[in-house]
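What follows is a short report on a single structure.
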Amino acid sequence: MRYVIIGNGVAGVTAAFTLRARDAAAEILLLSGESDYFFSRTALMYAFMDRMSLRDLEPYERHVYAEQNIRLVRDWVTNLDASRRLLTLQSGSSLAYDRLLLATGSLGDAPDWPGLDHVREGAVHFVTLQDLQRAESLARTTREAVVVGGGLIGVELVECLVYHRQKVTFLVRAPWYWPGALAREEAEIVSEHIRRHGVDLRMDEEVAEVLAAPEGRVRAVRTKSGHEYSCQLLGIAIGVSPQIAWLRGVKTPPSLGRGIQVSSSFQTSLENVWATGDCAEFSANGQSLVEQIWYSARRQGELAALAMLGHQVRYDLPIFYNSAKFFEIEYTATGEISPSLPGAQTFFCRLPGREASVRITERAGSIIGVNMLGARWDHSIFERWIAEQRDMDYAISHLAEAQFDVEFGRVDLASVSGAYREWRARSAGTGSPS
Amino acid sequence: MVRKGKSAWLLHDLTHRGPTAWLLTALLVAFYLLLYFTHFFTPVAHSLGLSSKWTLYGLLYTLAILAGGVHVLRKYRHNRYQVVRTSVVMFVQVVFAFSIPEILQFFHQPEYYFSYFWPLKFDDLNPSVVFHLPLFYALYSFLGALLLAPFLGVVFGKRWYCSWVCGCGGLANTAGDGLRHLTSKSSRAWKFEKISIHAVLAVSVLLTALLFVSYGLGSRAPALARFTYNFQTVYAFLVVATLSGVVGAGLYPLGGTRIWCRNFCPMAAVLGLVQKLGRFRITVKPNMCISCGLCSKYCEMGIDVRAYAQANQSFTRASCVGCGLCAEVCPRGVLRLENARSHAPQRASLVQIAPLASAASPSPGRPR
Ligand SMILES: Cc1cc2nc3c(=O)[nH]c(=O)nc-3n(C[C@H](O)[C@H](O)[C@H](O)COP(=O)(O)OP(=O)(O)OC[C@H]3O[C@@H](n4cnc5c(N)ncnc54)[C@H](O)[C@@H]3O)c2cc1C
Ligand code: SF4
């Protein structure tokens with residue numbers, strides 16, 4: 001049996017190891033056009049900031065693949081013919097498979113800003129190794145940079161450019177930083193912190209036009225509010241989308257939507273072809289869902305491999321969690337964390353003396369989400385509370401269990417319980433807690 | 001990518017085995033060769049009013065730890081574990097490793113180092129030394145090496161010594177902080193370490209045993225006495241001067257800060273064995289690691305921490321000195337040092353595969 005996996009990202013590699021763990025005899029091929037070896041995309045910023053070499057980004061020593069008898073192929077796949085179970089590679093050779101896994105990940109979204117098509121140099125995404133190389137070569141000749149997009153990749157790119165002593169303007173379309181996950185008060189903590197690092201963070205700013213110098217290098221960005229920000233590097237971090245464009249032109253394209261459409265057992269519309277990780281699109285209760293984080297890619301890679309091995313697999317959406325770091329502020333989220341959830345009530349408090357906060361959301365007597373800034377927490381404890389439908393009183397009185405700060409460095413929870421009692425009293429007084 | 005600017009380039013070159021690093025290595029090695037094998041520094045010490053070249057060395061060493069310590073305290077000021085640990089290591093160096101021995105000598109007491117123990121301080125259990133010490137010091141030597149150090153190792157792990165008290169660790173964790181990432185993380189380096197460190201331990205135990213036997217037999221066994229003397233001379237030359245001095249500290253800019261501690265220190269070997277049986281471990285927060293590798297990169301003992309973290313595996317490694325830097329640099333707060341009861345393994349698995357029951361149920365037949 002020959003398993004071929006397109007994409008050596010975390011989803012593809014986890015799938016390969018899982019296949020090997022359960023099938024010692026199978027032939028396993030792992031393909032990628034981007035890199036010879038699996039590397040940690042999440043650590044791109046540390047390579048940019050001189051904290052790691054590219055080699056350091058590789059999570060497994062190179063001899064592991066040989067030991068696991070996984071064949072690595074560096075090439076782009078350009079054609080897929082499912083009727084003959086055949087792939088064509090950019091190098092011209094073709095490759096037969098018995099079972100195929102598509103784990104092609106995502107690419108940075110390209111915006112349609114006027115003027116961008118005149119820019120021949122200076123605009124970068126921050127998703128692939130090639131993006132990193134471009135950003136690095138540009139950084140040498142950049143004094144001022146503009147980064148557009150108020151998500152996690154955006155702030156990472158900003159941090160890198162600040163490290164390289166550039167004057168960075170960070171343009172965010174929303175009224176406050178990352179409204180999908182942060183409440184206004186949380187965003188204030190984060191924004192203040194980002195500004196303290198010398199970043200000119202601008203909210204409510206949308207790009208109207210990109211201006212290029214005659215020789216093609218980006219020169220400035222004009223926003224809808226009429227401001228013009230001069231820059232020699234324009235970081236585009238407005239989102240990522242599944243890397244599926246190449247599949248539209250192949251002999252037998254699988255059914256595509258936002259991503260590669262799969263069943264809850266990772267099967268695509270093509271026989272013997274599965275898809276997993278960032279590139280896979282599920283539909284759950286009529287809603288389309290593309291998960292684009294490391295943790296889901298890893299879990300999905302493992303489960304897709306089991307499905308390919310013939311196990312019955314059902315991918316049920318687990319309780320969401322994620323983590324991030326905004327310069328020095330660490331962030332942990334579990335469950336439903338959107339700041340505006342209908343029918344929910346939210347307790348929020350800042351921890352005194354540090355850039356940290358606690359936000360717990362409850363609906364119908366059970367907590368549904370926990371959003372923590374600035375201290376370390378064990379999300380798996382929150383997951384358990386949410387699954388066990390614990391109420392807010394329970395969560396507050398057991399918070400210490402979930403603390404994961406360093407020794408001697410635990411945040412003081414007395415202030416949290418104090419704030420919580422006040423909040424309870426206030427909400428009992430008004431009858432409807434805010 | 002290296003920052004723009006000459007000073008940034010220089011810093012990078014120094015910390016990434018560039019020409020500057022080689023130059024500094026040459027200077028350090030020359031310094032240690034002159035110190036251990038010549039009298040070059042004796043007149044220098046005397047001209048400064050110090051009693052010997054070793055006092056001069058102690059002074060320089062202490063200053064390096066203080067200066068490096070101040071830098072480290074600033075750098076990690078947000079991390080209470082680092083602040084407490086670094087303060088303790090600076091305090092111990094100034095008080096126990098430098099001042100007290102000097103003060104003792106002033107009062108015509110033996111020059112005794114309360115912060116070092118056998119087998120690191122080999123003479124502590126050398127009968128011809130220890131039996132001639134006043135009772136208090138002799139007792140401290142025996143009890144410290146055979147009871148106190150291992151006991152604390154069981155309770156707190158090796159770290160109570162290697163990254164809180166010991167001067168070798170003290171220098172590594174203060175002045176050497178910027179070079180900590182140079183330690184090799186390869187599994188080959190791990191294999192080498194396991195052999196070399198236990199070999200040195202075996203040799204030092206053997207030599208101590210010989211010293212006792214030869215001391216007991218006295219003039220009845222002149223051949224043994226001569227052999228033991230030669231053995232001791234070779235040990236002092238190879239292990240103490242060469243491995244702990246010239247190689248251990250001299251090669252900082254090329255091989256990282258813990259070459260001695262990781263590969264050769266017999267005290268670290270003992271404490272490592274104790275640690276494996278004891279309570280210390282690094283707890284991994286499940287499913288939170290993003291495999292970025294910062295923890296491995298900045299591990300001065302060359303432990304591939306990421307291998308454990310990405311497999312969701314809490315662990316105890318004999319070599320871990322509990323400096324806590326992996327937990328400090330981890331951008332996702334995955335790691336925590338703990339004195340926990342439950343035991344953790346040494347080997348990392350490649351991936352942690354969910355038990356089939358929870359994720360999927362086996363079905364015979366082919367899919368679809
Ligand atoms: C800068 C950055 C920071 C991030 N930080 C975090 C974080 O902190 N936490 C988090 O949870 N997530 C983070 N993510 C998201 C996370 O990295 C992704 O969700 C994850 O890497 C997806 O893994 P994957 O295996 O699905 O795809 P990928 O890692 O994208 O791998 C897919 C591979 O397939 C290759 N490929 C695609 N098409 C072809 C083809 N036709 N032929 C050959 N090869 C092909 C691609 O080149 C790529 O190498 C971050 C992403 C970025 C870009
Ligand atoms: S530093 Fe943290 S996130 Fe990065 S590899 Fe280590 S444990 Fe994982």
Side-chain angles (χ1 to χ4, degrees), chain A residues 10 14 17-18 21-22 40 42-43 46-53 56-61 63-64 68 135-136 139-140 163-165 265 267 271 294-295 298-299 302-303 306-314 321 323-325 328 330 332 376-380 404-410, chain B residues 1-5 8 12 16 78-85 181 185-188 283 285-294 296-298 304 306-307 310 324 327-339 349-354 356 359-368:
Chain A
V10 62
T14 308
F17 287 151
T18 308
R22 303 202 179 250
S40 181
T42 48
Y46 304 116
F48 199 178
M49 288 166 64
D50 200 23
R51 298 194 64 190
M52 309 271 269
S53 70
D56 295 328
L57 302 195
E58 293 173 15
Y60 300 99
E61 282 186 74
H63 58 78
V64 165
Q68 294 288 310
E136 288 187 338
R140 292 264 168 249
Y163 174 82
H164 288 293
R165 303 205 173 102
S265 54
Q267 241 157 356
E271 191 139 10
W294 185 265
Y295 312 114
R298 206 180 141 94
R299 191 169 42 227
E302 182 187 325
L303 290 174
L306 293 179
M308 292 173 83
L309 285 161
H311 297 290
Q312 217 122 56
V313 170
R314 240 194 83 82
Y321 70 91
S323 65
K325 195 170 179 184
E328 281 98 38
E330 290 178 34
T332 314
R376 287 186 172 178
W377 303 91
D378 185 345
H379 66 291
S380 65
F404 211 73
D405 292 306
V406 299
E407 290 159 296
F408 312 111
R410 293 197 158 198
Chain B
M1 188 184 94
V2 189
R3 254 182 192 167
K4 268 184 291 191
H12 175 90
H16 290 78
H78 49 271
N79 183 326
R80 281 284 300 279
Y81 180 71
Q82 296 309 329
V83 170
V84 174
R85 189 179 64 81
H181 58 280
K185 309 303 167 341
S186 71
S187 41
R188 269 177 48 210
T283 297
K285 193 194 285 181
N287 296 313
M288 190 49 100
C289 174
I290 52 170
S291 297
C292 70
L294 284 169
S296 296
K297 173 91 181 180
Y298 289 91
D304 188 0
R306 164 168 58 187
Q310 66 193 0
E328 154 63 26
V329 297
C330 174
R332 297 295 176 268
V334 173
L335 307 160
R336 188 166 66 175
L337 278 56
E338 275 180 14
N339 303 313
S349 40
L350 267 190
V351 278
Q352 190 217 31
I353 294 171
L356 271 181
S361 51
S363 72
R366 296 187 32 163
R368 178 134 29 177

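Lettering of chains follows the sequences in order, A, B, ..., and the numbering in each one begins at 1.
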Neighbour count >12 (heavy atoms, 6.0 Å) for atom CZ, B/Arg80: no
Start with the C-alpha gap between B/Met1 and A/His164, add the side-chain angles, then the distance that decides, and say whether side chain to side chain contact (heavy atoms under 4.5 Å, CB included) holds. CA-CA 9 Å; B/Met1 188 184 94; A/His164 288 293; 3.5 Å; yes
Side chain / backbone / both / neither for [X] at chain A, heavy atoms under 4.5 Å:
X: B/Ser296; value: neither
X: B/Lys297; value: side chain
X: B/Gln82; value: neither
X: B/Leu335; value: backbone
X: B/Val334; value: backbone
X: B/Val84; value: side chain

Heavy-atom distances under 4.5 Å only: say whether [X] touches chain B with side chain, backbone, both or neither.
X: A/Thr332; value: side chain
X: A/Glu330; value: side chain
X: A/Tyr46; value: side chain
X: A/Ala139; value: both
X: A/Arg410; value: side chain
X: A/Glu61; value: side chain
X: A/Arg165; value: side chain
X: A/Ser323; value: both
X: A/Glu58; value: backbone

Just verifying a value: how many Å separate [X] [atom1] and [Y] [atom2], rounded to the nearest 0.5 Å?
X: A/Leu57; Y: B/Leu294; atom1: CG; atom2: CG; result: 9.0 Å
X: A/Glu136; Y: A/Asp50; atom1: CD; atom2: CG; result: 9.0 Å
X: B/Arg336; Y: A/Arg376; atom1: CZ; atom2: CZ; result: 10.5 Å

Test A/Glu407 against B/Leu337 for side chain to side chain contact (heavy atoms under 4.5 Å, CB included), laying out the working first. CA-CA 7 Å; A/Glu407 290 159 296; B/Leu337 278 56; 3.5 Å; yes
Look at [options] and state which one has the largest set of heavy-atom pairs under 4.5 Å with chain B.
options: A/Phe404, A/Trp377, A/Trp294; answer: A/Phe404
options: A/Ala47, A/Ser380, A/Pro59, A/Ser265; answer: A/Pro59
options: A/Ser53, A/Ala135, A/Ala324; answer: A/Ala324
options: A/Arg140, A/Lys325, A/His63; answer: A/Arg140

Closest heavy-atom contact between A/Ser40 and B/Ile290? OG-O, 3.0 Å
How close do A/Asp56 and B/Arg306 get, heavy atom to heavy atom, and via which atoms? O-NH2, 2.9 Å
Does B/His181 have any ring pair (Phe, Tyr, Trp, His ring centres under 6.0 Å) partners at least two apart in sequence or in another chain, and if so, which? B/His16, B/Tyr298
A/Tyr321: what forms a ring pair (Phe, Tyr, Trp, His ring centres under 6.0 Å) with it, not counting sequence neighbours? A/Tyr295, A/His379
Would you say the side chains of B/Gln310 and B/Ser291 form a donor-acceptor pair under 3.5 Å? yes
A/Arg298 side-chain N/O to B/Asn287 backbone N/O, donor-acceptor pair under 3.5 Å: no
Let's test your reading of the structure: which of B/Glu328, B/Lys4, B/Met288 forms the most heavy-atom pairs below 4.5 Å with chain A? B/Met288
